[in-house]
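Accompanying notes for the structure given below.
We count ligands from 1, going down the list as the structure has it; atoms in each ligand are counted the same way. Numbering of residues begins at 1 and proceeds along the displayed sequence.
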Amino acid sequence: MAHAPVFVQGPVLGIETSCDETATAVVDDGRVLTSRVASQVPLHRRFGGVVPEIASRNHLLTILPTVQAALEDVGLAPADLAGVAVTNRPGLIGALLVGVQTARTLALSFDLPVVGVDHIAAHCWASKLRPAQQREPSGPALPFLALAVSGGHSSLLRFDGPESVQVLGQTLDDAAGEALDKFGKLLGLPYPAGPAIDRIAREGDPERFSFPRGMSGRDDLAMSFSGLKTAGRQRIEALRAEGHTLDGALMADLCASYQAAAVAQLVETARRAARQSGLREVVMAGGVAANSLLRARMQAMCAWEGLTLHAVALPWCMDNAAMVAGLGGAMLAARGGDDVHTLDAAPSRRPPPPGRGRGAAQ
Ligand code: KG4
Ligand code: ZN
């Protein structure tokens with residue numbers, strides 16, 4: 001039987017298991033009381049990418065100790081929580097289900113409201129998180145424009161509220177993070193290669209090699225990274241065929257040139273989105289938002305255009321559960337929780353249809 005929604009405020013437990021991080025956090029009205037990330041990256045590294053089956057098995061092993069650790073950090077029992085927020089889309093379905101079933105079980109056992117959160121929206125809402133000791137709220141005012149760039153997504157979104165999100169434009173093929181990771185893999189860098197490319201590129205010449213900067217001549221907000229990826233692969237193959245060893249200055253120049261092309265496309269599309277939408281508050285979020293060149297170029301673009309940039313703080317760029325608890329807390333305060341009996345996971349951004357809740361909590 002469906003219950004009337006209860007609008008809650010207070011400490012919210014966040015749970016994130018959509019990909020290869022098992023993460024939990026407790027957030028109270030945007031203040032991050034604790035954030036724990038148990039990374040599986042070392043387990044997937046030898047495969048050069050995330051293996052879904054390994055991910056879900058390890059979420060199962062890690063989720064309860066990670067929930068317990070977060071609660072111990074803040075000295076709360078589950079019954080003291082105002083609610084539970086869980087990423088329920090998009091992501092690897094088996095991985096998502098571990099988090100969703102854990103959240104539903106906690107909600108049923110301790111009579112807590114539970115809410116399913118969109119992972120990409122949570123990345124963007126992380127711009128409103130602040131350290132526990134900071135009392136005053138911070139972050140963008142609504143409405144805001146968000147550049148969401150991660151391993152699986154590159155989008156420009158308009159936010160009018162925690163759940164009022166419109167896609168203004170997105171990549172037609174690969175995500176920016178994926179393009180960086182695949183290029184890095186060809187160069188022999190460990191997965192995920194984005195952070196290593198960022199570091200190595202600092203020593204390199206971004207003008208040594210010319211790489212495509214997306215689709216020229218368009219005035220919409222679509223992006224494309226597959227041309228860049230192909231050009232990167234061809235350049236590496238050509239250099240190897242010429243007998244070059246890809247290390248030292250050559251490696252640095254390759255990374256710098258490739259990264260510069262990816263960043264230029266992101267920044268120019270964000271500039272166009274701001275001009276077309278008239279939005280003045282700009283958020284950059286997701287794992288790739290940790291990139292130092294992208295942060296600098298977005299800052300310069302926003303200063304030039306008279307926009308206010310809210311770059312998500314580095315600890316909350318990569319996958320984490322503080323962002324999930326932050327957005328979930330805003331949703332719980334605005335409209336209460338979801339039906340614990342039917343809350344489900346979905347691989348895509350579209351919310352799953354109600355009434356299909358799986359597993360023991362039905
Ligand atoms: O948001 P995230 O942790 O997971 C997804 O939702 O996909 O993003 C992971 C992505 C990976 O592609 C990783 O290479 C990239 O973020 N990344 C970076 C940097 N740090 C992480 N890319 C470029 N520069 C960085 N400093
Ligand atoms: Zn993510």
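At a threshold of 2.8 Å, the Zn ion (ligand 2) has no backbone or side-chain N, O or S atom of C19 nearer than that distance. Under 2.8 Å from the Zn ion (ligand 2) lies an N/O/S atom of H123, whether from backbone or side chain.
A continuous path of hydrophobic side-chain contacts links L112 to L343 [ILVMFWY only; heavy atoms under 4.5 Å]. L221 is connected to L309 through a chain of hydrophobic side-chain contacts under 4.5 Å among Ile, Leu, Val, Met, Phe, Trp and Tyr, so both are in one cluster.
Geometrically, ligand 1 and G287 share a nitrogen or oxygen pair separated by less than 3.5 Å. Checking only distances, H123 does come within under 3.5 Å of ligand 1, N or O to N or O. For N291, a nitrogen or oxygen atom sits less than 3.5 Å from a nitrogen or oxygen atom of ligand 1, counting backbone and side chain alike.
Under a 4.0 Å criterion applied to the non-hydrogen atoms of P192, ligand 1 contributes the atoms 13 (C), 14 (O). When each atom of ligand 1 is checked for a heavy atom of G177 under 4.0 Å away, the hits are 12 (O). Of all the atoms in ligand 1, the ones that sit under 4.0 Å from a non-hydrogen atom of V288 are 15 (C), 16 (O), 18 (C), 22 (N). Contact atoms of ligand 1 toward L180: 22 (N), 23 (C) (distance under 4.0 Å to a heavy atom of the residue). Every atom of ligand 1 with a heavy atom of S150 under 4.0 Å away is listed here by number and element: 1 (O), 5 (C), 6 (O), 7 (O), 8 (O).
Counting heavy atoms closer than 4.0 Å to ligand 1, residue H153 contributes nothing at all. Proximity of D198 to ligand 1, defined as any heavy-atom pair under 4.0 Å, is confined to the side chain (atoms from C-beta onward). Neither the backbone nor the side chain of L294 has a heavy atom within less than 4.0 Å of ligand 1. Of all the heavy atoms of D181, the ones lying under 4.0 Å from any atom of ligand 1 belong exclusively to the side chain. Under 4.0 angstrom from ligand 1, the non-hydrogen atoms of H119 all belong to its side chain.
For atom 22 (N) of ligand 1, the closest heavy atom belonging to the protein is G194 CA, 3.4 Å. Closest protein heavy atom to atom 3 (O) of ligand 1: D319 N, 2.9 Å. For atom 21 (C) of ligand 1, the closest heavy atom belonging to the protein is M318 SD, 3.1 Å. Nearest protein neighbour of atom 7 (O) of ligand 1, counting heavy atoms only, is G151 N, 2.8 Å.
For D319, the N, O or S atom closest to the Zn ion (ligand 2) goes by the atom name OD1.
Looking only at side-chain heavy atoms (C-beta outward), D73 and L33 stay at 4.5 Å or farther from each other. The side-chain heavy atoms of F47 and I54, taken from C-beta on, include a pair separated by under 4.5 Å.
Salt bridge D219/R272: absent, no basic N to carboxylate O contact under 4.0 Å. Ion pair E237/R240 not flagged as a salt bridge, since none of the NZ, NE, NH1 or NH2 atoms sits closer than 4.0 Å to an Asp/Glu carboxylate oxygen. A salt bridge is absent between K229 and E178: the closest approach of a Lys/Arg side-chain nitrogen to an acidic carboxylate oxygen does not fall below 4.0 angstrom. A salt bridge links D160 to R158: one of the charged nitrogens lies within less than 4.0 Å of a carboxylate oxygen.
Atom CZ of R57 is surrounded by 12 or fewer heavy atoms from other residues, nucleotides or ligands within 6.0 Å.
Considering all non-hydrogen atoms of both residues, L92 and A55 come closest at CD1-CB, 4.4 Å. G48 approaches K185 most closely through the heavy-atom pair O-NZ, 3.8 Å.
A parallel orientation is assigned to the rings of Y258 and F183, their planes being inclined by less than 30° (bins at 30° and 60°). Ring orientation note: the planes of F209 and F211 are tilted relative to one another, at an angle of 30° to 60°.
Contact annotation: G152 has at least one heavy atom less than 4.0 Å from an atom of ligand 1.
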